[in-house]
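Structure, as structure tokens:
Computed from a predicted model, the values in this text were never measured in an experiment.
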Amino acid sequence: MDEGYHVAILGATGAVGTRILAQLAQSTIPVKSLKLLASARSVGQTRQFKGQVIPIEEAKPTSFDGVDLVLASAGGQLAGELLPEAVKRGAVAVDNSSYWRMDPKVPLVVPEVNPEALADHHGIIANPNCSTIQMVVALEPLHKAYGLKQVIVSTYQAASGAGQRAWDELLQQAQQHLNGESQTAEILPTKGDKKHYPLAFNLLPQIDTFQDDGYTYEEQKMMQETKKIMFGDPTSTQVKVTATAVRVPVPVGHGESVYVTVADESATRADVQRLLAAAPGVVLEDDPANQVYPQPLNAVDKRETFVGRVRADIENPGSFNMWVVSDNLLKGAAWNTVQIAEELAKRDLIHSQV
């Protein structure tokens with residue numbers, strides 16, 4: 001670690017934080033030193049990075065002294081409290097929480113879609129919602145070629161999107177069900193609401209809390225974030241977006257049924273397939289004759305977004321259905337975070353503190 005940046009991972013022991021560490025080790029980012037930050041209860045643990053054993057330290061404002069780059073996945077409260085402290089000390093921070101996403105001064109970035117937004121950062125860059133990320137990766141080639149008019153998405157989101165405890169609870173519930181026992185539920189559909197329901201052998205049409213208009217906060221995030229990423233404004237009227245978010249009994253890997261209407265009605269299914277096959281970050285898996293289509297099981301531990309089941313709406317010219325799958329902990333979180341950091345480094349938007 002002789003050359004490069006002084007890096008800190010905030011939330012290093014969580015499901016996303018551990019994957020950020022692994023993705024950082026495989027990235028092009030030159031790391032001069034690395035700090036692993038978490039809550040006080042994790043102090044005493046260690047992690048390995050490129051053959052070195054690194055202790056977990058308690059996250060506090062002074063932890064960021066001398067740090068150039070912070071990769072954060074520690075929840076909204078800590079992101080709000082600690083990342084401004086990191087910026088004050090000269091660091092650039094990439095945050096996974098929803099805390100900064102709608103701040104007009106904070107770029108919301110998916111590198112395959114809007115890397116140019118990084119040039120306007122003021123120290124903090126927001127990583128979008130996991131479901132938004134994979135969807136806009138699939139939409140961007142259509143946007144560039146034909147323009148977007150409307151997006152209707154229904155998500156099928158894995159338990160791990162609600163954190164490690166939700167993932168663990170799903171596995172526990174499945175075993176309880178197989179044992180003929182009553183399923184216990186303490187976390188899902190969301191720990192922020194009054195009631196909890198089992199996810200194993202079930203579907204929960206609620207992710208996050210309900211808003212006054214009947215949408216959940218998750219659905220609202222997808223609608224606003226898509227507009228901010230693709231059009232620079234969460235209230236943009238250039239495209240109509242609506243979402244339904246459902247939690248499904250899958251450990252890892254979000255699926256999405258995406259219905260998109262483009263401005264150019266001359267677009268054909270073959271055109272869309274050709275664009276997707278050539279798009280950065282996309283793998284087209286679309287061979288119905290041989291039952292080839294994206295599946296969460298096959299997407300686990302992969303960085304790409306997988307797209308298949310591309311169909312033209314025969315009753316509405318310019319409208320298409322597609323099925324989009326990605327590892328929500330990698331492209332939806334850890335890899336997109338490290339990928340943003342790679343873009344920052346490539347564009348010389350991180351300034352090393354000697």
Side-chain angles (χ1 to χ4, degrees), residues 1-39 42-59 63-64 66-74 78-79 82-83 86 91-97 109-112 115 118 125-128 130 133-134 137 160 163-164 167 251-253 280-281 283 299-305 326-354:
M1 296 189 189
D2 294 329
E3 298 178 356
Y5 301 110
H6 299 284
V7 181
I9 299 176
L10 176 63
T13 58
V16 173
T18 56
R19 285 165 174 80
I20 288 176
L21 180 63
Q23 294 299 306
L24 181 63
Q26 300 170 42
S27 78
T28 60
I29 299 168
V31 179
K32 187 171 185 179
S33 69
L34 180 63
K35 286 186 178 183
L36 301 181
L37 306 175
S39 64
S42 295
V43 173
Q45 298 181 31
T46 61
R47 296 291 187 273
Q48 289 203 356
F49 180 77
K50 295 187 174 181
Q52 294 197 12
V53 177
I54 300 177
I56 304 296
E57 302 176 36
E58 182 180 0
S63 302
F64 303 104
V67 169
D68 304 313
L69 173 66
V70 181
L71 307 176
S73 182
L78 280 178
L82 290 180
L83 295 189
V92 176
V94 184
D95 180 41
N96 263 279
S97 80
V109 175
V110 177
E112 293 90 342
L118 292 171
I125 297 95
N127 199 59
C130 47
I133 290 173
Q134 67 187 64
V137 167
S160 57
Q164 185 66 50
W167 183 353
V252 178
V283 174
V300 173
D301 292 333
K302 295 185 173 70
R303 292 172 167 179
E304 296 84 5
T305 295
S326 193
D327 184 324
N328 54 292
L329 298 176
L330 283 189
K331 182 52 185 169
W335 167 234
N336 201 70
T337 298
V338 174
Q339 194 181 9
I340 289 171
E342 286 188 341
E343 281 288 335
L344 286 166
K346 184 171 73 175
R347 294 165 184 261
D348 194 26
L349 295 170
I350 308 169
H351 301 294
S352 181
Q353 302 179 43
V354 180

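For the side chain to side chain donor-acceptor pair (under 3.5 Å) test, no residue two or more places apart in sequence or in another chain qualifies with Ser73. Under the side chain to side chain donor-acceptor pair (under 3.5 Å) criterion, Ser160 pairs with Asn328, not counting sequence neighbours.
One finds the CD1 atom of Ile125 at 10.0 Å from the CG atom of Asp95 (value rounded to the nearest 0.5 Å). Taking OG1 of Thr337 as the reference point, atom CG of Leu24 lies at 11.0 Å (rounded to 0.5 Å). One distance of note links CG of Leu344 with OH of Tyr5; it measures 8.5 Å at 0.5 Å rounding. Between the CD1 atom in Ile54 and the CG atom in Leu36 there is a gap of 5.0 Å [rounded to 0.5 Å]. Considering CZ of Arg47 and CD1 of Ile56, their distance stands at 5.0 Å, rounded to 0.5 Å. We find the CG-CD1 distance between Leu71 and Ile9 to be 6.0 Å, quoted to the nearest 0.5 Å.
Looking at Gln164, its side chain never comes within 3.5 Å of a backbone N or O of Ala15 through a donor-acceptor pair. Side-chain atoms of Asp327 come within 3.5 Å of backbone atoms of Asp301 as a donor-acceptor pair (strictly under, hydrogens ignored). Without hydrogens or angle criteria, Asn96 side chain to Asn127 main chain gives no donor-acceptor distance under 3.5 Å. The backbone N or O of Ala59 lies less than 3.5 Å from no partner atom in the side chain of Ser63, so there is not a single donor-acceptor pair. Checked by atom type and distance alone, the side chain of Ser326 pairs as donor or acceptor with a backbone atom of Glu304 at under 3.5 Å. At least one donor-acceptor pair under 3.5 Å links the side chain of Asn336 to the backbone N or O of Val109. Looking at Thr18, its side chain does come within 3.5 Å of a backbone N or O of Gly14 through a donor-acceptor pair.
The shortest heavy-atom contact between Ile350 and Ala345 is CD1-N, 3.9 Å. Counting all heavy atoms, side chain and backbone alike, Leu10 lies closest to Ala74 at CG-CB, 3.8 Å. When all heavy atoms of Gly66 and His6 are compared, the pair lying nearest together is O-CB, 3.3 Å. Pairing each heavy atom of Val53 with each of Gln48, the nearest pair is CG2-NE2, 4.0 Å. Between Ile133 and Pro128, the shortest heavy-atom contact is CD1-O, 3.5 Å. Minimum heavy-atom separation, Ala38 to Ala12: CB-N, 4.5 Å.
Side-chain atoms of Ile20 and Trp335, non-hydrogen and from C-beta on, never get closer than 4.5 Å to each other. Taking 4.5 Å as the limit, every side-chain heavy atom of Val70 sits out of range of all side-chain heavy atoms of Val94. For the pair Phe49/Val7, no side-chain contact is recorded, criterion being any heavy-atom separation below 4.5 Å from C-beta on. With contacts defined as side-chain heavy-atom distances shorter than 4.5 Å, the pair His351/Asp68 does not qualify. Using a 4.5 Å heavy-atom cutoff, the side chains of Lys302 and Leu330 are not in contact. For the pair Lys331 and Glu112, the minimum side-chain heavy-atom distance is below 4.5 Å.
Glu343 and Arg347 are joined by a salt bridge, as a carboxylate oxygen and a charged side-chain nitrogen come within less than 4.0 angstrom of each other.
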Check your understanding: Between Thr305 and Gln134, does a side chain to side chain donor-acceptor pair (under 3.5 Å) hold up when you go through it step by step?
Key -> CA-CA 6 Å; Thr305 295; Gln134 67 187 64; over 6 Å; no
Check your understanding: Could you go step by step and tell me if Glu3 and Lys32 meet the side-chain contact (heavy atoms from CB on, under 4.5 Å) rule?
Key -> CA-CA 5 Å; Glu3 298 178 356; Lys32 187 171 185 179; over 6 Å; no
Exercise for review: Go through Lys35 and Val67 one step at a time and tell me if the side-chain contact (heavy atoms from CB on, under 4.5 Å) criterion holds.
Suggested key: CA-CA 9 Å; Lys35 286 186 178 183; Val67 169; 4.3 Å; yes
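Arg303 and Gln339 are not linked by any side-chain donor-acceptor pair at a separation below 3.5 angstrom, with hydrogens and angles left out of the test.
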